[in-house]
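What follows is a short report on a single structure.
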Number of protein chains: 2
Amino acid sequence: MVTLAEVAQHAGVSASTVSYVLSGKRSISATTRQRVEESIRELGYHPNAGARALASSRSNIIALMIPLRTDMYVPVMMEIAIAVATTARTHGYDVLLLTGEEGPDAVRRVTGSGLADAMIVMDVELEDERLPLLRGTDQPSVLIGLPADTGGLTCVDLDFGATGALCVEHLARLGHHDIAVIGEAPAVYERHTGFAERTLDGLRARARELGLGVLHRPYEGGYDAMALTLGRIFDERPGTTGFVVQNEAAVEPLLALLRQQGRAVPEDVSVVAICPDQVAVQASVRLTSVAIPAQEMGRYAVEHLVAKLEGRGSDDVVLIAPELTVRASTGPAPTAP
Amino acid sequence: MVTLAEVAQHAGVSASTVSYVLSGKRSISATTRQRVEESIRELGYHPNAGARALASSRSNIIALMIPLRTDMYVPVMMEIAIAVATTARTHGYDVLLLTGEEGPDAVRRVTGSGLADAMIVMDVELEDERLPLLRGTDQPSVLIGLPADTGGLTCVDLDFGATGALCVEHLARLGHHDIAVIGEAPAVYERHTGFAERTLDGLRARARELGLGVLHRPYEGGYDAMALTLGRIFDERPGTTGFVVQNEAAVEPLLALLRQQGRAVPEDVSVVAICPDQVAVQASVRLTSVAIPAQEMGRYAVEHLVAKLEGRGSDDVVLIAPELTVRASTGPAPTAP
DNA sequence: CAGGGGCGTCGAAGCGCTTCGACAGCTTTT
DNA sequence: AAAAGCTGTCGAAGCGCTTCGACGCCCCTG
């Protein structure tokens, strides 16, 4: 293993000079710099991460806590993780992958050991156990998602309230009057992850303003469950012509059953989905949808942390404005026969 | 920040004693151990990762290189990543997330800097640029996937050859004679990732032995593309009654179009998928499938590395035997009318 | 009862790097 | 012409931990 000292010797300078060449924290003459860089290349030198971390009390690592469960939004999680990793690298940081399993202990461990300089927390619950710890440490962190109390925290998320509103607005503009919302599994609502409720609240509020009727049904299970759900929706509100789906697993069953019941999409009913673009594009009808801006959130989180670590930046909550992409699943409401 | 020295002082022992309590590398009397542990708890001590890494030249970190592209097997990647992270934790390791983007440079950086003690590499290509580096370092590594030359490397993967064979066997036993394989996108075959070819080879060999006809079609695109593909398959081999699908994106289009053409699954045609269980279960027909043992591979990789780091274990290639789960998409071949 | 051998503990020497103060040799200012 | 200020470099002090050799103590053996 090549050390700083060896590089210094090879270049005929002192160790500190090499260090300053590497960090750029003091000015170095062009000739010296070149000589050192040459030596580094020639010897194939890589600074030792541990020594660096010890001496500078900076690990150049950002911790990313992803949820353990793989039942929801997997592609989104993955996309965020990848965006975080690539963005971090462009700023000279590496990413440590933590699972939600350890919970608050992971936060304690990472902040306590100096393993990471900062932390990104995904899958935040409304009353998350990790929040007090994050507030109590001076290590910067960003939540992806929104807890009940955001005081003293930095958060990014899609503006799910606006998303819900945007979906009804789109349907209303097309002339739809009765709207059904196919939501996440009941467990998601019970877990109080927040985003599901926020969507619904935003959607309902806007629907009320626009004078639309809304029926909300959580969904879980297979085709049978969807058949049941649909049956009940049309029993209760036969005039339902607009659907908002916030549940990846519900997309195909919904489309298949509508087709099977002779309700054409988008001629008879319109469907708006809240899902990753990949899902929207791969569905059997290309879905008009509001995308989850996974990349954007990942990138923002890292950039915010880097700014904080460099002494810039401050706490705040950033809600990303939803964007609705019109595809083939929405159209004008059918005129009464 | 609490240091070892402070704990030592608080407990009235020397720093080295505290260190030995922590590592267990020398025997410590029960009373001393208790006193030290008590102090650790009371002061909320966490060993500093950098100092530890520097002094012991062990970072207790395993690097995981995941592919950058998110177009294929996303849930599998995610599952592996999570399995790796959780298994690593049970052995006292953390996981560093690297994307394939950096390629060989990432390998150099990690091995050179001592950032990680070992490395797991996913999405291995047949002639992967990273292989020479992995062979050339004394840092242990495990590949998830199989390159062309496995000499001097440790690899885990599903036995895709056997998987292909298993699929035809299942269909043959049910009386099917003509089989169509819906494969990955052409790009996957061109990229020579290996697994797709291996599946096909195993499948074809077994089909030849059993006297079955096989038609292979890569698939990419939407419903239209699938309609075209299916049309050509039935034109060329009207008697096709068995399908093997190795492409997550192809599953729903295939099922939808078969349904639409009046071919009932499994009464008229049988479908076997090679995909994660989640996909098989959520499809509109619960699919008979061979699962990708993501968790098992992740766990194996970590355990192998830990063994190596502890001086046990050796290089070898482990192919996990495929397991076929019968669900609702396969049945006896229809008898000729 | 002396000598040998565990066991449990300690002190000290680094691990490879960053960073602070010092200082030599300049240039600029007064 | 002396004082002041830069610029570029160096030496040395640590960062918090691991680990090796040393050593005191007690128990066992001959």
Side-chain angles (χ1 to χ4, degrees), chain A residues 1-37 39-40 43-61 92 109-117 309-310, chain B residues 1-37 39-40 43-61 92 109-117 309-310:
Chain A
M1 180 182 242
V2 189
T3 69
L4 226 213
E6 295 175 82
V7 174
Q9 193 175 5
H10 185 272
V13 296
S14 76
S16 45
T17 301
V18 178
S19 177
Y20 287 123
V21 167
L22 251 31
S23 70
K25 293 195 178 171
R26 285 206 181 168
S27 51
I28 296 286
S29 71
T31 57
T32 306
R33 162 175 290 112
Q34 271 172 28
R35 205 140 33 85
V36 170
E37 282 168 352
S39 296
I40 288 177
L43 301 179
Y45 168 71
H46 282 272
N48 181 88
R52 220 167 212 201
L54 178 57
S56 65
S57 40
R58 274 302 196 82
S59 63
N60 284 292
I61 288 181
R109 192 164 59 84
V110 168
T111 59
S113 68
L115 236 185
D117 297 333
L309 289 171
E310 287 170 0
Chain B
M1 180 181 244
V2 189
T3 69
L4 227 215
E6 295 176 86
V7 173
Q9 193 176 4
H10 185 273
V13 297
S14 76
S16 44
T17 300
V18 177
S19 177
Y20 286 124
V21 167
L22 251 31
S23 70
K25 292 193 180 172
R26 285 206 182 169
S27 50
I28 296 286
S29 71
T31 56
T32 306
R33 161 173 292 114
Q34 271 173 27
R35 203 138 37 84
V36 170
E37 282 169 352
S39 296
I40 289 176
L43 300 177
Y45 168 71
H46 282 271
N48 182 89
R52 224 170 208 197
L54 177 56
S56 65
S57 41
R58 276 300 196 81
S59 64
N60 283 292
I61 288 182
R109 194 164 57 83
V110 167
T111 59
S113 68
L115 237 185
D117 298 331
L309 289 171
E310 288 172 358

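The sequence lines fix the lettering, A, B, ..., with proteins before strands; numbering per chain opens at 1. This is a predicted model, so every value here is computed, not measured.
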Exercise for review: Test side chain to side chain contact (heavy atoms under 4.5 Å, CB included) on A:L22 and A:V36 and set out the steps.
Suggested key: CA-CA 9 Å; A:L22 251 31; A:V36 170; 5.7 Å; no
**Study point:** Working for side chain to side chain contact (heavy atoms under 4.5 Å, CB included), residues A:L115 and A:R109
**Key:** CA-CA 8 Å; A:L115 236 185; A:R109 192 164 59 84; 4.1 Å; yes
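When only modelled atom types and interatomic distance are considered, B:S14 and B:T17 share a side-chain donor-acceptor pair under 3.5 Å.
Side-chain N or O atoms of A:S19 include none that pairs as donor or acceptor with a backbone N or O of A:A15 at under 3.5 Å. For A:S59 (side chain) and A:A53 (main-chain N/O), no donor-acceptor pair under 3.5 Å exists by modelled atom type.
Across D:dC17, C:dT18, D:dT19, the shortest atom-to-atom separation from the side chain of B:A51 is found for D:dC17. Side-chain proximity of A:T32 to the nucleotides D:dT18, C:dC17, D:dG8 is greatest for D:dG8.
The stretch residues 13-29 of chain B comes close to DNA chain C through B:V13, B:S14, B:S16, B:T17, B:Y20, B:R26, B:S27, B:I28, B:S29, each having a heavy atom under 4.0 Å from the strand.
Residue-environment remark: CD (A:Q9) stays at or below the threshold of 12 foreign heavy atoms within 6.0 Å.
In this structure, A:R58 places its CZ atom 16 Å from P of D:dG16, rounding to the nearest Å. Following rounding to the nearest Å, B:Y45 (OH) and D:dG16 (P) show an atom-to-atom distance of 10 Å. The distance from atom CZ of A:R52 to atom C1' of C:dT19 is 13 Å, rounded to the nearest whole Å. Atom CG of A:N48 is separated from atom C1' of D:dC17 by 13 Å (rounded to the nearest Å).
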